[in-house]
Amino acid sequence: MKKLPAQRGRVAVIGAGPGGMAAALSVHQAGHDVVLFERYPHARPAGNILNLWPPPIKALGLLGVNIEDLGAPCTSEFRNSRGRRRVRATLPKQIVRDYGGGFVGLLRPELYERLLDALPKGVLRVDHAVERVEQDESGVRLHLADGRLHEADLVIGADGIDSLVRRTLWGDSPKREHNLHIFGGYTFDESVETEPGMCVLSHTRTVQGSWTAIRDKGRDGHQWWVLEAFDASREFTGDLHSTATSPVGPSPVRSPS
Ligand SMILES: Cc1cc2nc3c(=O)[nH]c(=O)nc-3n(C[C@H](O)[C@H](O)[C@H](O)COP(=O)(O)OP(=O)(O)OC[C@H]3O[C@@H](n4cnc5c(N)ncnc54)[C@H](O)[C@@H]3O)c2cc1C
């Protein structure tokens, strides 16, 4: 039988992204009461592209998430822009066995589905935006957008890039611009010619063009992304589709100022 903590706490997690869902699972597993608040009507992923290394796979398994046949196993290789291999990351078989997986390529929605399946009923409350957080010696009070109040002993802020919890604790801070932009996509088209079971990351000094094998709900495919230096103070005015599908990659490449 699971050992319960000496004092059962009331924990509120804000944000049902991968961080919040994993935090809620872990708090539940530790024997506390947990509620996970999400402002949107669904826990919905931002983007699709995802590769996981063994530690997150092991962590997901320990949290009770089904990791069976999760993603396409890949060997990752770094190459220069002419295709010459720089490094091949081959994982020891024992690590892959012990961690329940090696390096895998997948799409985010499937990971979300598996996390949601692992969450006990009643934990996730969608359409619950938290507008304000207050704390004192007695605990934390969450003010919800619909006027309701939720009290907890502890709050976990997993509320993403514009985190209300972070702003409440430390005030506003400007976002740090990375001066990068990314084009990406995925396909299940069987005519795509790639090397099976590979994730290849190729670089020039300013562009990374990569693809990886993926498996999504038992279906094999590929995802790709092109990451390039881009001056964020300038608006992108090109055609997204033709830029992303250009055989020479997004161009012209502008270095961040
Ligand atoms: C367009 C886009 C594409 C991306 N694509 C990729 C990708 O392909 N691969 C990759 O690895 N990373 C990608 N990322 C980065 C990705 O956002 C992070 O890797 C990851 O989602 C961070 O997880 P998280 O749980 O910390 O936060 P988030 O996923 O941001 O989750 C935060 C959650 O909190 C909720 N929330 C926020 N404020 C409140 C509130 N006040 N009340 C209630 N709920 C609230 C949000 O609705 C959201 O569901 C992408 C990001 C964006 C914006």
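In listed order, ligands and their atoms are each counted from 1. The residues of the chain are indexed from 1 along the displayed sequence.
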When you check the gap from the basic side-chain N to the acidic O, do Arg10 and Asp33 get nearer than 4.0 Å?
no

So that I can tick it off, tell me whether Glu77 and Arg86 are bridged by a salt bridge, with the cut-off set at under 4.0 angstrom between side-chain N and carboxylate O.
no

I'd like to know if Arg44 contacts ligand 1, where contact means a heavy-atom distance under 4.0 Å to any ligand atom.
no

Could you tell me which atoms of ligand 1, counted from 1 in the order shown, lie closer than 4.0 angstrom to a heavy atom of Ile14?
40 (C), 42 (N), 43 (C)

Geometry only, no angles: is Val130 polar-contacting ligand 1 at N/O separations under 3.5 Å?
yes

For atom 21 (O) of ligand 1, find the nearest protein heavy atom and state the residue, atom name and distance (0.1 Å precision).
Arg108 NH1, 3.3 Å

Once you restrict to heavy atoms under 4.0 Å, what part of Asp162 touches ligand 1? Side chain, backbone, both or neither.
neither

Is there a side-chain contact between Leu60 and Leu111, using heavy atoms and a 4.5 Å cut-off?
yes

Looking at CZ of Phe230 and CG of Asn179, how far apart are the two atoms once the value is rounded to the nearest 0.5 Å?
9.5 Å

Which residue owns the protein heavy atom closest to atom 2 (C) of ligand 1, what's the atom, and how far is it?
Ala46 CB, 3.9 Å

Give a yes-or-no answer on whether the side chains of Thr187 and Asp189 include a donor-acceptor pair shorter than 3.5 Å.
no

How close does the nearest protein non-hydrogen atom get to atom 25 (O) of ligand 1, and which residue and atom is it?
Gly19 N, 2.8 Å

Closest heavy-atom approach to atom 43 (C) of ligand 1 among Arg39, Arg132, Arg167, His42 is made by Arg39

Checking a contact table here: which protein heavy atom is nearest atom 9 (N) of ligand 1, and how many Å away?
Ile49 O, 2.5 Å

If you define the side chain from C-beta out and look only at heavy atoms, does anything of Val140 sit under 4.5 Å from Val133?
yes

Close side-chain approach of Glu134 and His143, heavy atoms under 4.5 Å
yes

Atom 32 (C) of ligand 1: which protein heavy atom is closest, and how many Å away?
Ala158 O, 3.4 Å

Please state which protein non-hydrogen atom is closest to atom 29 (O) of ligand 1 and give its distance, to 0.1 Å?
Pro18 CD, 3.6 Å

Ligand 1 contact on Ile161 by region, counting heavy-atom pairs under 4.0 Å:
neither

Which ligand 1 atoms does Gly160 reach within 4.0 Å, using its non-hydrogen atoms?
27 (O), 30 (O), 32 (C)

Counting from 1 in the order shown, the ligand 1 atoms closer than 4.0 Å to a non-hydrogen atom of Leu50 are 11 (O)

Under 4.0 Å from a heavy atom of Gly15: which atoms of ligand 1 are those, numbered in the order shown and with their elements?
33 (C), 34 (O), 35 (C)

Should the pair Arg167-Asp162 be classified as a salt bridge under the 4.0 Å nitrogen-to-oxygen rule?
no

With the side chain counted from C-beta on, respond yes when Leu25 and Val65 share a heavy-atom pair under 4.5 Å apart, and no when they do not.
yes

Ligand 1 contact by His128, heavy-atom criterion under 4.0 angstrom:
yes

Consider only side-chain N and O atoms of His222 and Thr194, and report whether a donor and an acceptor are under 3.5 Å apart.
yes

Nearest non-hydrogen protein atom to atom 31 (O) of ligand 1, with distance, is Gly17 CA, 3.5 Å

Examine the proximity of ligand 1 to Tyr40 and report which part, side chain or backbone, both or neither, has a heavy atom under 4.0 Å away.
side chain

Could you pull out all residues at least two apart from Arg148 that satisfy side chain to side chain donor-acceptor pair (under 3.5 Å)?
His128, Asp146

List the residues meeting side chain to side chain donor-acceptor pair (under 3.5 Å) with Asp117, not counting sequence neighbours, and say none if there are none.
none

To which protein heavy atom is atom 37 (C) of ligand 1 closest, and what is the distance rounded to 0.1 Å?
Asp159 O, 3.3 Å

Quick one: which ligand 1 atoms are inside 4.0 Å of a heavy atom on Phe37?
43 (C), 44 (N)

